[in-house]
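Working notes, beginning with the structure itself.
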Amino acid sequence: MNISSLESLTSFRQQMYQLFTRRRDALFGLTDALLTTGPTLSPAHLSLASSFQRGWGSVYDALVEGQIDGQSIERLLAQHLLEADEAIYAVDASVWARCDAETSPERAFYHHLSRHSAGQPIVAGWAYHWIAQVSFAHDSWTAPRKVCRLKPGDNINQLAVGQIKELLQDTPEVAPLPIFVFDAGYEPGQLALAWGSLHAAALTRLRSGRCFYADPSEAASTGRPPRHGHKFACADPTTWLKPNQEYVTEDSQYGRVRVRAWHHLHAIPQNHPKRGTRGPRPIMRGTLILVEVAQLPKQTRVPKQLWLWWHAPEQPLLPLVWRAYVARFLLEHTFRFAKQYLNWTLPRVHHPEQADRWTWLVVLAYTQLRLARPFVADHRLPWEKPLVERKLTPYRVRRAFPSLLRHLPVLANLPKPCGRSPGRPKGRLSGHATRYPAVKKAA
């Protein structure tokens with residue numbers, strides 16, 4: 001193996017090492033342990049990895065006492081984007097369930113797809129908001145750019161726009177309009193209100209029962225001027241207007257794809273800054289998009305209509321819009337891989353700041369896997385299909401990463417013995433830990 005070809009990965013690891021401002025060696029060793037150990041039963045098992053040269057107590061000490069410069073890490077991630085370099089970003093949140101952690105502060109109730117509480121898909125825990133670059137390539141790789149923990153009472157729409165503004169400040173303005181793709185958990189009206197004059201596009205999925213209105217075509221002869229015109233009900237095709245744009249194509253995965261767009265529509269907002277006053281409700285105009293496909297890549301169900309909302313200073317390019325939303329699902333693969341194979345939600349940490357440090361370690365480990373993809377061989381199992389070079393999945397790269405690690409420079413210093421800890425003084429009691437009930441958001 002040519003060591004000089006690993007310059008990008010080596011440079012990333014050196015810069016990452018400098019961003020650990022406290023417990024640097026233990027944090028760096030933890031990252032390598034995540035890349036070489038795989039799924040474990042507890043964080044203490046990571047200390048058994050050959051790349052971690054310290055005892056199991058250093059694992060928890062690094063999470064409790066360590067310090068990581070999050071803003072500098074985001075600037076480092078901005079220097080290592082996807083090879084395709086497409087300005088498509090997926091925006092979503094993922095939950096770290098901590099249902100029984102009564103002594104952990106800043107927990108709230110969040111929606112969860114697989115776990116239930118009292119028959120409802122709601123769990124108590126911490127939620128992390130991610131913005132990751134995606135591409136149109138047929139793989140499952142993303143480039144995380146922004147990661148932030150939601151605090152109880154935070155408005156996810158305003159938080160998302162705040163992260164996007166920070167991302168655009170660190171990204172030079174390019175000719176293609178950056179597209180940020182949101183799932184149905186976001187409110188397009190609130191996003192548009194906070195969007196302002198951003199040179200970017202917001203593409204949001206809508207539920208099928210939404211209603212929109214065109215601008216009034218005629219002024220009222222008497223009384224208050226009308227603000228809403230023709231009603232456009234997504235669930236009632238008889239109310240649909242003639243589309244302003246239409247695009248039809250044949251796709252190898254989705255068959256016949258038909259995309260239609262209606263410009264200059266608006267919804268009647270329910271939650272807005274002037275709610276409860278006599279002031280007029282804000283009107284945010286955009287483009288309503290309908291995507292219809294003939295089939296799905298896997299015939300698990302009958303394809304349904306997909307409604308999208310476009311808010312941007314430019315009109316949408318329909319051949320690009322529907323593919324941008326399909327690419328959003330790559331972030332779901334990243335969440336699953338981080339939880340199942342990088343042990344993201346494994347530690348039962350006490351304070352949310354410790355969870356923040358662990359999340360940064362997982363993000364940095366995932367980025368190293370993406371940078372190592374061109375340099376590792378496919379170590380497939382006998383029953384697995386062979387993959388083309390430079391097309392390896394994150395799972396295959398993580399399996400082959402230990403053989404690559406021995407070719408990389410050793411950055412962490414050797415541990416210095418400090419003797420045996422005296423332990424808790426005799427007669428001193430720790431007392432009962434403070435209880436923090438999970439915060440329930442007001443309706």
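This structure is a prediction, so every number in the text was calculated from the model and none was measured.
Residues passing the salt bridge (charged side-chain N to carboxylate O under 4.0 Å, His left out) test with Arg435, sequence neighbours excluded: Glu102. Every residue two or more places apart in sequence or in another chain was checked for a side-chain hydrogen bond (donor to acceptor under 3.5 Å, both in side chains) with Ser208, and none qualifies. Every ring pair (Phe, Tyr, Trp, His ring centres under 6.0 Å) that Phe12 has, sequence neighbours left out, goes to His80. Under the ring pair (Phe, Tyr, Trp, His ring centres under 6.0 Å) criterion, Tyr325 pairs with Phe329, not counting sequence neighbours. Legend: residues meeting salt bridge (charged side-chain N to carboxylate O under 4.0 Å, His left out) with Arg323, ordered by chain and number and at least two apart, are absent. The side-chain hydrogen bond (donor to acceptor under 3.5 Å, both in side chains) check on Ser50 picks up nothing, with sequence neighbours excluded. For Glu83, the side-chain hydrogen bond (donor to acceptor under 3.5 Å, both in side chains) partners are Arg390, not counting sequence neighbours. Remark: Ser72 pairs with Leu19, Asp69, Arg75 by the side-chain contact (heavy atoms from CB on, under 4.5 Å) rule, at least two apart or across chains. Residues passing the salt bridge (charged side-chain N to carboxylate O under 4.0 Å, His left out) test with Arg373 are Asp139, sequence neighbours excluded. Evaluation of the side-chain hydrogen bond (donor to acceptor under 3.5 Å, both in side chains) rule for Arg258 yields Glu246 as partners, not counting sequence neighbours.
Here the side chains of Arg256 and Gln295 are not in contact, with every heavy-atom distance at 4.5 Å or above. Using a 4.5 Å heavy-atom threshold, the side chains of Phe401 and Gln368 count as touching. At least one side-chain heavy atom of Leu206 sits under 4.5 Å from a side-chain heavy atom of Leu288. Put simply, the side chain of Asp251 reaches to within 4.5 Å of the side chain of Trp322, judged on heavy atoms. Side chains of Phe182 and Asn157 form no contact here, defined as non-hydrogen atoms less than 4.5 Å apart. Inter-residue side-chain proximity for Gln315 and Thr287 is flagged as met; some heavy-atom pair is nearer than 4.5 Å. For the pair Val161/Leu198, a side-chain contact is recorded, criterion being any heavy-atom separation below 4.5 Å from C-beta on. At a threshold of 4.5 Å between non-hydrogen side-chain atoms, the residues Gln245 and Pro316 count as touching.
A ring pair (Phe, Tyr, Trp, His ring centres under 6.0 Å) check over residues 19-53, counting only residues at least two apart or in different chains, returns the pairs Tyr17-Phe28.
In this structure, the side chain of Arg98 does not engage the main chain of Arg107 through any donor-acceptor pair within 3.5 Å. No donor-acceptor pair closer than 3.5 Å links the side chain of Trp96 to the backbone N or O of Trp344. For Ser104 (side chain) and His350 (main-chain N/O), a donor-acceptor pair under 3.5 Å exists by modelled atom type. Looking only at distances, a side-chain donor or acceptor of Trp358 sits under 3.5 Å from a matching main-chain atom of Asn343. Side-chain N or O atoms of Trp141 include one that pairs as donor or acceptor with a backbone N or O of Leu392 at under 3.5 Å. Arg210 places no side-chain N or O within 3.5 Å of a backbone atom of Cys234 that could act as its donor or acceptor partner. A donor-acceptor pair is defined here as one N or O able to donate and one able to accept, closer than 3.5 Å; no such pair exists between the side chain of His129 and the backbone of Leu150. Counting only distance, with no hydrogens or angles, the side chain of Thr36 and the backbone of Asp32 share a donor-acceptor pair below 3.5 Å. A donor-acceptor contact shorter than 3.5 Å is absent between the side chain of Arg370 and the backbone of Ala143. The backbone N or O of Ser8 lies less than 3.5 Å from no partner atom in the side chain of Ser11, so there is not a single donor-acceptor pair.
Listed here is the closest heavy atom pair of Ala400 and Ala377: CB-O, 3.4 Å. Here the shortest heavy-atom pairing between Leu77 and Pro144 reads CD1-O, 3.5 Å. What you find for Leu76 and Gln15 is that their closest heavy atoms are CD1-OE1, 3.4 Å. For Ser51 against Leu405, the heavy-atom pair with the smallest separation is CB-CD2, 3.9 Å. Between Cys211 and Ala267 the shortest heavy-atom distance is O-CB, 4.1 Å. In this structure, Thr37 and Ala49 approach most closely via the heavy-atom pair OG1-CB, 3.4 Å.
One finds the CG atom of Leu46 at 10.0 Å from the CG atom of Leu361 (value rounded to the nearest 0.5 Å). Separation of atoms NZ (Lys146) and CD (Glu74) is listed at 3.5 Å; rounding is to 0.5 Å. The NZ atom of Lys298 sits 10.5 Å away from the CD atom of Gln253 when rounded to the nearest 0.5 Å. Expressed to the nearest 0.5 Å, how far CG of Leu364 lies from OG1 of Thr359 amounts to 11.0 Å. Within the model, atoms CG of Leu6 and CG of Leu408 stand 6.0 Å from one another, a figure rounded to the nearest 0.5 Å. Between atom CG of residue Asp356 and atom SG of residue Cys148 there is a gap of 8.0 Å, rounded to the nearest 0.5 Å.
When each of Pro176, Ser135, Pro178 is checked for a side-chain contact (heavy atoms from CB on, under 4.5 Å) with Glu86, only Ser135 meets the rule. Checked options Arg23, Arg54, Arg22; the residue passing with Asp61 is Arg23 (criterion: salt bridge (charged side-chain N to carboxylate O under 4.0 Å, His left out)). Shown are Leu331, Val134, Leu167, Ile179; of these, the side-chain contact (heavy atoms from CB on, under 4.5 Å) with Tyr89 is made only by Leu167.
A centroid separation of less than 6.0 Å is found between the aromatic rings of Trp309 and Phe212.
Counting non-hydrogen atoms of other residues, nucleotides and ligands closer than 6.0 Å to CZ of Arg348 gives a total of 12 or fewer. The number of heavy-atom neighbours closer than 6.0 Å to NZ of Lys391, taken from other residues, nucleotides and ligands shown, is 12 or below.
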Show which side-chain atoms of residues 334-342 pair as donor or acceptor with protein atoms under 3.5 Å away, not counting sequence neighbours.
residue, atom, partner, partner atom, Å
Thr334, OG1, Thr142, OG1, 2.8
Thr334, OG1, Leu330, O, 3.3
Arg336, NH2, His333, ND1, 3.3
Lys339, NZ, Ser94, OG, 2.9
Lys339, NZ, Val95, O, 3.1

What's the verdict on side chain to side chain contact (heavy atoms under 4.5 Å, CB included) for Tyr395 and Glu384, showing C-alpha distance, side-chain angles and the deciding distance? CA-CA 12 Å; Tyr395 175 73; Glu384 293 178 338; 3.9 Å; yes

Go through the steps for Arg145 and Gln133 under the test side-chain hydrogen bond (donor to acceptor under 3.5 Å, both in side chains), then give the verdict. CA-CA 7 Å; Arg145 291 289 309 274; Gln133 183 193 16; 5.8 Å; no

